[in-house]
Amino acid sequence: MLVVPPAIDLSGQESPPGASAVSVPSDQGAASPTDADHLGRDLYLQSVLRLLQLAVEGVPGLLHSTRSLRNIALQHTNGDQDAAGLHVVERTGSGVIGDSEQIVNACVLGTGLPLAIAVPMWHRLRRVGLLCELLGHDARQNRGRVLCASCGVPTTSEPIDTAAAHTIWFTLCHRAIRTSVPLLEFVESFENTHGQSADATLRTFAKGRQAVVRSEWRKPVDGISLVRAKLIASELLADADRASRAAARAGVTQPAVPLAQQVDLVV
């Protein structure tokens, strides 16, 4: 039997910089956040919020927002929200319709998270955000709840994004107070929340479900421009320091495929 954690209330005043939902010791003596084998808490907290914003808001002409993904999904099912939601669930292992794998991989590098955790977390955030939209909610106004549900934590109200990020760190660290964690351990902990995430998403967003009217989902969806993606890649590669930092954030030990080449794969 799946044990589901009780829904929690993370709303309230935003914590001061460096604070978390629990008492956290200083980082003195901890592994460096830039260590390829470890993920530092501070790096995670900064990076996961960038990833969350990217997953929900998208990038015009480059990555669809969750609202655009909702409209695409409903246009495929002629407005049938249940059928669209079921299709999202059935595609659990293959991402959402409308995303290009190469463009996604290139964009998430800029968030600061190693690809080993950034890519699977991206796909989970996209699915949860899309299901939130298909249930008639606005993912932009529920970003904290989307982040929590993506890791199996149901919430009773919309938390501040930073509070949600702290909660997820604590959860994926097995509720232990840690300032860094081996990257592979963190990835495994995240992957183990898959079942809880599905349940938390329903518990969080099924309540207050609303119909999406035809005039909304029939709105035209802006296309994705591969030319724009290549321009962004070229700008990144023109700055050697930025390119080097992007490769380091990928968490690879061998030369990464250049961003422009990643985009070329889909042209």
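We number each residue from 1, following the sequence as shown.
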Query raised in the report: Is the backbone of T193 close enough, under 3.5 Å, to the side chain of S197 for a donor and an acceptor to pair up by distance?
Result: no
Report summary line: Rounded to the nearest 0.5 angstrom, the CG-CG distance for L131 and L69 is 11.0 Å
Query raised in the report: Taking S189 for the side chain and E185 for the main chain, is one N or O donor matched with an acceptor at less than 3.5 Å?
Result: no
Query raised in the report: For P182 and R178, which heavy atoms make the closest approach, and how far apart are they?
Result: CD-NH2, 3.5 Å
Query - Heavy-atom pair with the smallest gap, counting every atom of A200 and P154 - result: CB-N, 3.8 Å
Query - Of R143, R140, R50, the residue whose pairing with D161 passes salt bridge (Lys or Arg N to Asp or Glu O under 4.0 Å) - result: R143
Query raised in the report: Which heavy atom of A164 sits nearest a heavy atom of C148, and at what distance?
Result: CB-SG, 3.7 Å
Query raised in the report: Can any side-chain N or O of R124 pair as donor or acceptor with the backbone N or O of F190 at less than 3.5 Å?
Result: yes
Query raised in the report: Do L130 and L202 belong to the same hydrophobic cluster, where Ile, Leu, Val, Met, Phe, Trp and Tyr are linked whenever their side-chain heavy atoms lie under 4.5 Å apart, directly or via other members?
Result: no
Report summary line: dist L184:CG -> E191:CD (nearest 0.5 Å) comes out at 11.5 Å
Report task. Among residues two or more places apart or on two chains, list those pairs meeting side chain to side chain donor-acceptor pair (under 3.5 Å) that have a residue in residues 70-83. Result -> D82-R209
Requested in this report: State, with a plain yes or no, whether a side-chain heavy atom of D222 is found less than 4.5 Å away from one of P60.
Outcome: no
**Report entry** Check: C107 and L54 side chains under 4.5 Å, non-hydrogen atoms
**Finding:** yes
Query raised in the report: Going by the side chain to side chain donor-acceptor pair (under 3.5 Å) test, which pairs reach into residues 53-68, not counting sequence neighbours?
Result: S65-S68, R67-E133
Report task. Write down the atom of L45, the atom of V48, and the distance for their closest heavy-atom approach. Result -> O-CG1, 3.8 Å
**Report entry** Between CG on residue L125 and CG on residue L147, distance to nearest 0.5 Å
**Finding:** 6.0 Å
Query raised in the report: Okay, side chain of S47, backbone of T111: is any donor-acceptor separation there less than 3.5 Å?
Result: yes
Query raised in the report: Which distance, rounded to the nearest 0.5 Å, do you find between the CG of L51 and the OH of Y44?
Result: 9.5 Å
Query raised in the report: Are any non-hydrogen side-chain atoms of H87 and E90 less than 4.5 angstrom apart?
Result: yes
Query - Any donor-acceptor N/O pair, R145 side chain to T155 backbone, under 3.5 Å - result: yes
Report task. Answer yes or no: are there more than 12 heavy-atom neighbours, outside L86 itself, under 6.0 Å from its atom CG? Result -> yes
Requested in this report: Find out whether T162 and L49 are in side-chain contact, i.e. whether some heavy atom of one side chain is under 4.5 Å from a heavy atom of the other.
Outcome: yes
Query raised in the report: What distance do S180 atom OG and D37 atom CG have between them, rounded to the nearest 0.5 Å?
Result: 11.0 Å
Requested in this report: Determine the minimum heavy-atom distance between L183 and P114, stating which atoms define it.
Outcome: CD2-CB, 3.8 Å
Requested in this report: Kindly compute the distance separating CZ (F205) from CG (L134), expressed to the nearest 0.5 Å.
Outcome: 12.0 Å
